[in-house]
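Comments concern the structure below.
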Amino acid sequence: MNVVPKGRPEALFPLFAKLETLTGVGPKTALHFAGLNIATPRDLIFTLPTSGIDRSRKASIRDAVLPGVVTVEVEIRMHVPPSAKGRPYYVHVRDAQTEFRLVFFHARGDYLQKQLPTGQRRLVSGKIELFDAMAQMVHPDHMVPVSQADEIPAFEPVYPLTHGVTQKMMFRAARSALDHVPAFAEWIDGAQRDKAGWPDFQTALKTAHAPQSLKELAPTTPARERLAYDEMFAHQLTLSLARASVRATPGIASVATGRLQSKVLAALPYRPTGAQSRAISEIADDMGAATRMNRLLQGDVGSGKTLVALMALLTAVEAGGQGVMMAPTEILARQHMESLEPLAEAAGIVLALLTGRDKGAERKAKLAALAAGDIHVLVGTHAVFQKDVVFADLRLSVVDEQHRFGVSQRMELGDKGAAVDVLVMTATPIPRSLALTQYGDMDVSVLDEKPPGRKPITTATVSTARMDEVVAKLRAAIDAGRQAYWVCPLVEESEVSDKTAAEERFKRLRAVLGEDVVGLVHGQMPPAEKDAAMAKFVAGDTSILVATTVIEVGVNVPNATIMVIERAEGFGLAQLHQLRGRVGRGEGASTCLLLFQDPLSETAKRRLNILRESEDGFRISEEDLEMRGAGDLIGTAQSGLPRFRIADLERQTALMAVAQSDARALLAGDPALTTARGQAARVLLWLMEQDRAIRLLSVG
C-alpha cells in the first residue's frame, strides 16, 4: 500500500503511484525497474533518453551506410527453416531495389509465418550488415504491417537500461507515465521563462522524451534546460527556506568597536590583503545586524583565513560576548590555538583550549571560567559542544573545515547560544556551481588573494622508475636540516590497504635513511598514537613523515619544505593541491614531487600538468570538477549533495546561479509561498521530493 505523505497535492497522486499503474508494467517488471532507481511514474518521467537511433524510412538498403540501422519497406519472398538444430531461420525479403534476408536464432516458425506471411508487405527496422557478401538483418527491432508505420518513430529515443528492462518496455512505460502528467500552474518567473525561451513543464517533458534528432539530446535545448532548471530551482528554494529560517531567528547585534581589532592590526608584520579586508567587513556587517549570521569563509591554502576568523571573534568580544572556534581534530585545534595566541595576547583577551583530553579539576576550572565569562574565546574540538559546556554569552561559533559537516549539522551548531552567529571556514576551494549547491543556504565570503611573503612551490613530476634518485635527494635535504612529507598511494578495493602501503614505505625508508629519521601516520592508528607521531614531526624529532591522506587537512610545519606524493596519478586534483599546501609555509624554498607510474593515461597527464602550471586552488577545483564530475569530487553520499536526474552541475553552473537568485527573489516577496506562483512552487517542491523544504514551510 502506498502511504500518501500528509499535504501532497492531489494532482501529483498518479505520479507517485505504483509503477504497475503504467501500460506494460507488471509486478515482476517493476522490480527490474528498481535497478534504474525508478519506483514511481515520477522517477520515470525524469529519466530522459541518453541517445537515439535514426529510423527514418529509406527506399532501399542500398541507400544506407553499412553496417547501420535501416528502416525499409519489404515484400516477404520466402521462408527457409533451419537445416539442423541450432542453425538460424532465414526469411528472404526484397525492398524497392535489392534482396536481403532477415535472420532469427532459436525462432518459432509458426510465429514467424504469422508475423511475416509470404507475399505480404512489411516495414522492418534493424541493423543491416554484410555476411558472406549477403546483406542481412539479424533479429529486426521492428516488424509491422505498412498500415502501422507510425509505430516506428523516425528517431527512436534510447533510454538507460538494466537487467530485465528492454528499450521497448522503457519506451512504452515512459509514454504511459507522460499521460499521467497534469498541466501545472507555472512556478518559473514569467520574465525568466520568456528570456530563456522555455516551454511549459508538460511540453518540456514530452519534448525531452521525443527527440527528433541527436541535436535535441543536448542539455542546452530549451526543453532539457528548463527541466534541469526546475530541479535546481527546487533545490535552491529548499536552501533559501533553510537560510530564511535561520535569519528569522532573532539574533543579537554584535557591533564592533575596533578597540581590540586595532591592537591586532598594529601587531601584524604586514597589512591584510584586499580580500581579507572585504571578508572582515562583510562579517562585521552581518554580526552587527539583528538577524543571525550564517556565512561561509572560503579560502585557498595560505590565504589568511585565521586572521579573518580572529577579527570576527574579536567583534563578539568587543560587543561584550564570547566566541568559540571548533576544528575537526585535536591537532588542528592545538594549531589554531598556537597561531591565535600571540595575536590574542596583543589584543589582551583570554583564550583557552578545550579538547577531549581535558579531564577532572582542570576541565572543571575551564568550564567555570567560561560560564563566568572570564574566557573570551574558546578553541577546541567537537568537545566544545558537549552538554556541560556553558557560555556566559556566546555570540559567534567559528567552525573550521566545513566540508566535514553537512547542512543538518550546521543547523545544530547554532543551538548552543540562543542567537549565535555562525561562520564556517573551508580551505578546500569549491567550484562555484558546487558552492551554490552545497552552501546555497549560506552567504559566502571568498579569500582569493595570497598574503605577501608566501613563496611559490616548485612542482615537478617524476617517474617511479627514478625512486632511488628521489630517496637520494631526500637524504641530502635531511642532512641540510630540512623536513619532508611522503604521502602514500590511495589503495582501492584490494587486499592491500592504504595502511599497508604506508607501513611498507615506512619500513623501506627507515632501512635506507635510518630508524630515528622516519615517522608514520595513517587513519587506522589510535588517535593518541597518531597525535604523538605528528607531535614528533612538528617538534623536528623526525625528519620524514610517511602518511596516508590523513595529513590533507591541518598541521603547520614551517620547516617541512618537501612533499612527495607517490602514485600521484591516483589522486584528484583538489586533493593533490591540498597536500601540496602542507609545504611552502616557512622561509625555505619548497618542492612538491609528484611520483607517477608509467604508462600515464591522457587524463592523468592533464591532471598532473594542471598542477605543475597552477597554484590557484579555485582554477584547479574547476578543472577537477570538469574532469571528475560532482559526485566524485565531494563524495555525494557524505556531502548531502543532491542527486540530480537531469541537471548537470559540471556544465550548468550559470543556471544554478540563476536558480539561486530566482529562489531568493521569490521568497523575499512571498516568504510563506502563498501567492499563485508561490503555490505553484509548493507543487514543484513536492514533485522534486524536497521534503525538508516542505517541513520548513509547514513549521513556518
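Heads up: numbering here begins at 1 and tracks the sequence. Reckoned from all heavy atoms, side chains included, excluding hydrogens, waters and symmetry mates.
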Inset, instruction - Please step through side chain to side chain contact (heavy atoms under 4.5 Å, CB included) for the pair T315 and L396, ending with a clear verdict. - result: CA-CA 9 Å; T315 297; L396 173 68; over 6 Å; no
Looking at [Y], is its backbone amide N or carbonyl O close enough to the side chain of [X] to form a donor-acceptor pair, meaning the two atoms are under 3.5 Å apart?
X	Y	value
E318	L260	yes
Q298	V444	no
R395	G320	no
E529	P526	no
Q276	L307	no
E231	A647	yes
R292	V420	yes
D670	T675	yes

Is any side-chain heavy atom of [Y] closer than 4.5 Å to one of [X]?
X	Y	result
M287	L423	no
I283	M311	no
M688	F46	yes
V350	D374	no
L378	F391	yes
V390	L367	no
Q660	L239	no
R334	T355	yes

Legend entry - Salt-bridge contact D448-R278 (side-chain N to carboxylate O under 4.0 Å):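 Salt bridge present between D448 and R278.
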Inset, instruction - Answer yes or no: is there an ion pair linking D443 with R243, defined by an N-O contact shorter than 4.0 Å? - result: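 Answer for the salt bridge query: yes.
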To the nearest 0.5 Å, how far apart are [atom1] in [X] and [atom2] in [Y]?
X	Y	atom1	atom2	answer
L237	Q690	CG	CD	8.5 Å
E689	T238	CD	OG1	11.5 Å
L687	F16	CG	CZ	5.5 Å
L685	L241	CG	CG	7.0 Å
R645	D43	CZ	CG	4.5 Å
L314	R259	CG	CZ	9.5 Å

Legend entry - Residues W486, V518; criterion side chain to side chain contact (heavy atoms under 4.5 Å, CB included); working and verdict: CA-CA 10 Å; W486 187 298; V518 191; over 6 Å; no
Legend entry - W187: partners by ring-ring contact (aromatic ring centres under 6.0 Å, His included), with sequence neighbours left out: F184, F201
Legend entry - Set of residues satisfying salt bridge (Lys or Arg N to Asp or Glu O under 4.0 Å) with respect to R357, sequence neighbours excluded: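 For R357 the salt bridge (Lys or Arg N to Asp or Glu O under 4.0 Å) partners, ignoring immediate neighbours, are E330, D531.
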Legend entry - Atom CD of Q679 with >12 non-hydrogen neighbours under 6.0 angstrom: yes
Would you name the heavy atoms of [X] and [Y] that are closest together and state the gap between them?
X	Y	value
R295	E282	NH1-OE1, 3.6 Å
D421	I252	OD2-O, 4.3 Å
T426	K305	O-CD, 3.6 Å
A333	A327	N-CB, 3.7 Å
P272	S277	CB-OG, 3.9 Å
L545	A533	CD1-O, 4.4 Å

Legend entry - For N559, all residues meeting side chain to side chain contact (heavy atoms under 4.5 Å, CB included), sequence neighbours excluded: Q483
Inset, instruction - In sequence, state the C-alpha distance, the side-chain angles, and the governing distance for L520 and M525, and then conclude on side chain to side chain contact (heavy atoms under 4.5 Å, CB included). - result: CA-CA 10 Å; L520 170 71; M525 277 180 158; 4.2 Å; yes
Legend entry - Derivation of the side chain to side chain contact (heavy atoms under 4.5 Å, CB included) call for Q386 and L354: CA-CA 11 Å; Q386 284 166 356; L354 184 71; over 6 Å; no
